[in-house]
Amino acid sequence: MEARADGQAQPERHLIMTHDTEAGESIDGFHLLIDALKLNDIDTVFGLPGIPITDLTRMLQTEGLRVISFRHEQHAGNAAAAAGFLTQKPGICLTVSAPGFLNGLTALANATTNCFPMILISGSSEREIVDLQQGDYEEMDQLAIAKPLCKAAFRVLHAEDIGVGIARAIRAALSGRPGGVYLDLPAKLFAQTMDAEKGRKSLIKVVDPAPRQIPAPDAIQRALNLLKGAKRPLIVLGKGAAYAQADADIRAFVEKTGIPYQPMSMAKGLLPDTHPQCAAAARSYVLAEADVVVLIGARLNWLLSHGKGKTWGADKGAKQFIQIDIAPTEIDSNVAIAAPVIGDIGSCVAALLGGLGNEWAKPPASWLGAIAERKDKNLTKMAATLALRPSPMNFQSALSVIRDHVKARPDAMFVNEGANTLDFARSIVDMYEPRKRLDVGTWGIMGIGMGFAVAAAVVTGKPVIAVEGDSAFGFSGMEVETICRYNLPICIVVFNNNGVYRGTDKNSSGTADMAPTVFVKNARYDMLMTAFGGVGVHATTADELDKAMSEALASGRPTLINAVIDETAGTESGRITSLNPQTTAMKK
Ligand code: ADP
Ligand code: TZD
C-alpha cells in the first residue's frame, strides 16, 4: 500500500491515467468510481451490463474486482443484499437506467425492509433531458423514484464528488439499522476527467462505517431487573442478531442465563437448533406462556403476530418485553416495551452479560420442564412423520432427506423459498451454524432464490442447497445459466407439486384455462439445468433424491433436482392461510 498525502492508505494499483496532458495526468469517472470501491475493500459487484455501464463492468473486471453478471437485475440485486447480510459490507448491484434500475428496485426495497446493507448503483440519462422530459433513451427520474424505497438516495454529477458519493452510500447502508441505498450516476459522469492527483485525493476511505452504539447503563440495569424477576423468561433471536456477528456473546448470554430461546427463521443456527435450550419445537407454548420476553434483533411484526393476541397468550395475563435494537423508533411499534435497550447487538449483549454476575439464577425448573415435555412430544411426533416413505413424496419425506444432508454438511449454505416448502423446511431442517440460512424474510417475497444462492456461493465458497417451491423457483429460474456459467457449487431442489401451493385446483368457470394456481403437469425443471451444461436429476423417491444430493454435494457441480411431490400435499398459502381475506371473512 502506498501512503496518501493525508496519511490514508492507497490501493495497491496506481490510478489509471486516461490522458497525459501538459498539466499532468488525468483520470476519468469510470476509474475514480472503481478506485473508490477498491479503497473501501469492495471486491465483488453483482449486475447486468448495458448503456451506460457496459464499459464500467469490463473495467471493474480488468481492475481486479469480481463481476458477477446476471440475466435479470432483480437477482443481481438480491445477490447484493444477501452478500451484505453475510459480510457486513454493502453488497453492490450495478444496473442500466430506467428498466434495469426498476428491475433492481424490488431487491433494493426488499433489502431495506430486511435491514440488509446494499447499494444499487444505476446509470441514468442526462439531467438536462430528464428534467425537461425530452424523451432520452431510457429516461426516468430514478432518484425520485428510489427515495421512498430505501434508506438514502444520492446522485453524483461531478467526477470530483465520486469519492464523497461512495463514502456517503457506504455509511448510509451500514450505520444504524442497515438497509438499501441508491446511487444515481448519470452517463456523462463516467467520461468526465480531472487531474489525477486531485482525483486521488478526492477519494475517501470510510473509517468506522458502522460505529458501535453503546447502550446506556440504566437501560441495561432496567432490563436485568425485569429479567431477574421473570418466572417464565424467553429469548427471541432475530436476523438482526445473526447479522450482528456477536455469536460468542449471544451464545454465552443464552447459556449463562439458562433461558430458552426461539430462533426466527434466519437466526436459526446462531446456536445449533439441536441446543437443549432451543424452544423451536415448542414455539406456540413458549410464546403464549412466557412472562418476560427478550427480543434480540427481531421486530414484533406479522411474523411474531405483532406481539399480541392469542399467540402471545393475551388471555393469560401481562407479558413484558425487553427489546434490543439499534433503531430507537422500533420500540413500542406494536406493543409497549417495558425495557428498551438501544445500541448495537454486540455492545448490548456484552453489557447484559457483564451485568449478570456470578449468581444468576436459572429459570424455574417447572418452566424448563414444561417446555422440555412439549418439545419431546412434538419431536417424537415429527420423527415418526419423517420416517414415512410415501409415494409420491410429500413435503416431509423429501425434507427428511435434505435435513440429513444439512446435518452432514453444517457448513453448507441453505436457501429456501416457497409457501409449504418454506414452512415445512423451516421446522424440519435444523441449522447448526450462524448465517447459513437465507430465505424470504420480512416480506415473504418469492424470487430471492437464485440471487441469494449465487451470493451465498460466491461470498462463502461453500456448497449451497437451495430448496425451492416450483412457483418460487420460477421467479428466478433463468439464473441457472448464471450458476452454470460461473460453475457454482449450488444444488437446487425444486419441490414440484404442479402449482402454486399445490396442483389440484379446478377452474370452476367452465372455460378451458387452468385454475390460476395450476402449472403444466409433470414439468421437468431438471432439463433447465442440463440445457446449460449442469446436472439435472428427476427424483421420484426419497432414495433418488438422497443419491442426487450426495452426488451434487460431493462434486460441487451445478445441479437441479426435480423432486416430484404429491400434488395434493400443499395447503393454500402454507401456514399463513389466515391472511387471505376470503378465508378470514369465512371464519368470521
Ligand atoms: P426477524 O425477521 O428475524 O424477526 P427483523 O428483520 O424483524 O428480524 O428484525 C431485525 C432487527 O434487528 C431490526 O429491527 C434491526 O433494526 C435490528 N438490527 C439489525 N442489525 C442490528 C445491529 N447490529 N444491532 C442492533 N440491532 C440490529
Ligand atoms: N409474488 C411475490 C413476489 N411474492 C409472493 N410472496 C407472492 C407473489 C405470493 N406467493 C406466496 O406468498 S408463496 C407463493 C406465491 C406465489 C408460491 C407458493 O408456491 P410454491 O410453494 O410452489 O413456491 P409450495 O411449497 O408448493 O407451497
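Whatever order the structure lists ligands and atoms in, that order sets their numbers, starting from 1.
Polar contact check, Y501 against ligand 2: a nitrogen or oxygen pair lies under 3.5 Å apart. Below 3.5 Å of separation, one finds no N or O of G418 facing any N or O of ligand 2. Between G499 and ligand 2, at least one N/O pair is under 3.5 Å apart. Residue contacts with ligand 2: V500 is placed with no nitrogen or oxygen under 3.5 Å of a nitrogen or oxygen of the ligand (distance criterion only).
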Between ligand 1 and the protein, find all N/O pairs closer than 3.5 Å and give the distance for each.
unit_1	atom_1	unit_2	atom_2	d
ligand 1	2 (O)	K239	NZ	2.7
ligand 1	3 (O)	K239	N	2.7
ligand 1	6 (O)	K239	NZ	2.8
ligand 1	6 (O)	R299	NH2	2.8
ligand 1	7 (O)	R299	N	3.1
ligand 1	7 (O)	R299	NE	2.9
ligand 1	8 (O)	G297	O	3.4
ligand 1	9 (O)	G297	O	3.3
ligand 1	9 (O)	R299	N	3.4
ligand 1	9 (O)	R299	NE	3.4
ligand 1	14 (O)	R177	NH2	2.9
ligand 1	14 (O)	D325	OD1	3.3
ligand 1	14 (O)	D325	OD2	2.5
ligand 1	16 (O)	R177	NE	2.8
ligand 1	16 (O)	R177	NH2	3.4
ligand 1	16 (O)	D325	OD1	2.6
ligand 1	24 (N)	I345	N	2.9
ligand 1	26 (N)	I326	N	3.1

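You'll find the side chain of N562 stays beyond 4.5 Å of the side chain of V537, heavy atoms only. Residues F253 and L356 have side chains in contact (heavy-atom distance under 4.5 Å, counting atoms from C-beta outward).
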Show the atom names and distances, to 0.1 Å, of all donor-acceptor pairs under 3.5 Å that link a side chain in residues 208-220 to residues at least two apart or in another chain.
none

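Taking the six-membered ring where tryptophan is involved, the planes of Y525 and F473 are perpendicular, since the angle between them exceeds 60° and thus also 30°.
Under a 4.0 angstrom heavy-atom cut-off, G570 registers as lying outside contact with ligand 2. Between F475 and ligand 2 there is a heavy-atom distance shorter than 4.0 Å. For the ligand labelled ligand 2, residue F424 lies outside the 4.0 Å heavy-atom shell.
Salt bridge absent: D291 and K319 never bring a charged side-chain N and a carboxylate O closer than 4.0 Å.
Here atom 26 (O) of ligand 2 lies nearest to N497 when heavy atoms of I445, N496, V467, N497 are compared. Compare T421, D423, D470, T106 by their heavy atoms: the one nearest to atom 22 (O) of ligand 2 is in D470.
Within 6.0 Å of atom CZ in R524, more than 12 heavy atoms from other residues, nucleotides or ligands are found, so the atom counts as buried in its surroundings.
Looking only at protein heavy atoms, the nearest one to atom 6 (N) of ligand 2 is G444 O, 2.8 Å. Closest to atom 17 (C) of ligand 2, if we only count protein heavy atoms, is S471 OG, 3.3 Å.
With sequence neighbours left out, the salt bridge (charged side-chain N to carboxylate O under 4.0 Å, His left out) criterion links D344 to no other residue. With sequence neighbours left out, the salt bridge (charged side-chain N to carboxylate O under 4.0 Å, His left out) criterion links D439 to R437.
A donor and an acceptor atom, one from each side chain of R389 and S400, are located under 3.5 Å apart. For T568 and T504, the side-chain atoms include no donor-acceptor pair closer than 3.5 Å.
Between F424 and F495, the ring center distance fails the sub-6.0 Å criterion.
Within the listing of ligand 2, atoms 13 (S), 18 (C), 21 (O), 24 (P), 25 (O), 27 (O) sit less than 4.0 angstrom from a heavy atom of A419.
Contacts of F395 with ligand 2, taken as heavy-atom pairs under 4.0 Å, involve the side chain alone.
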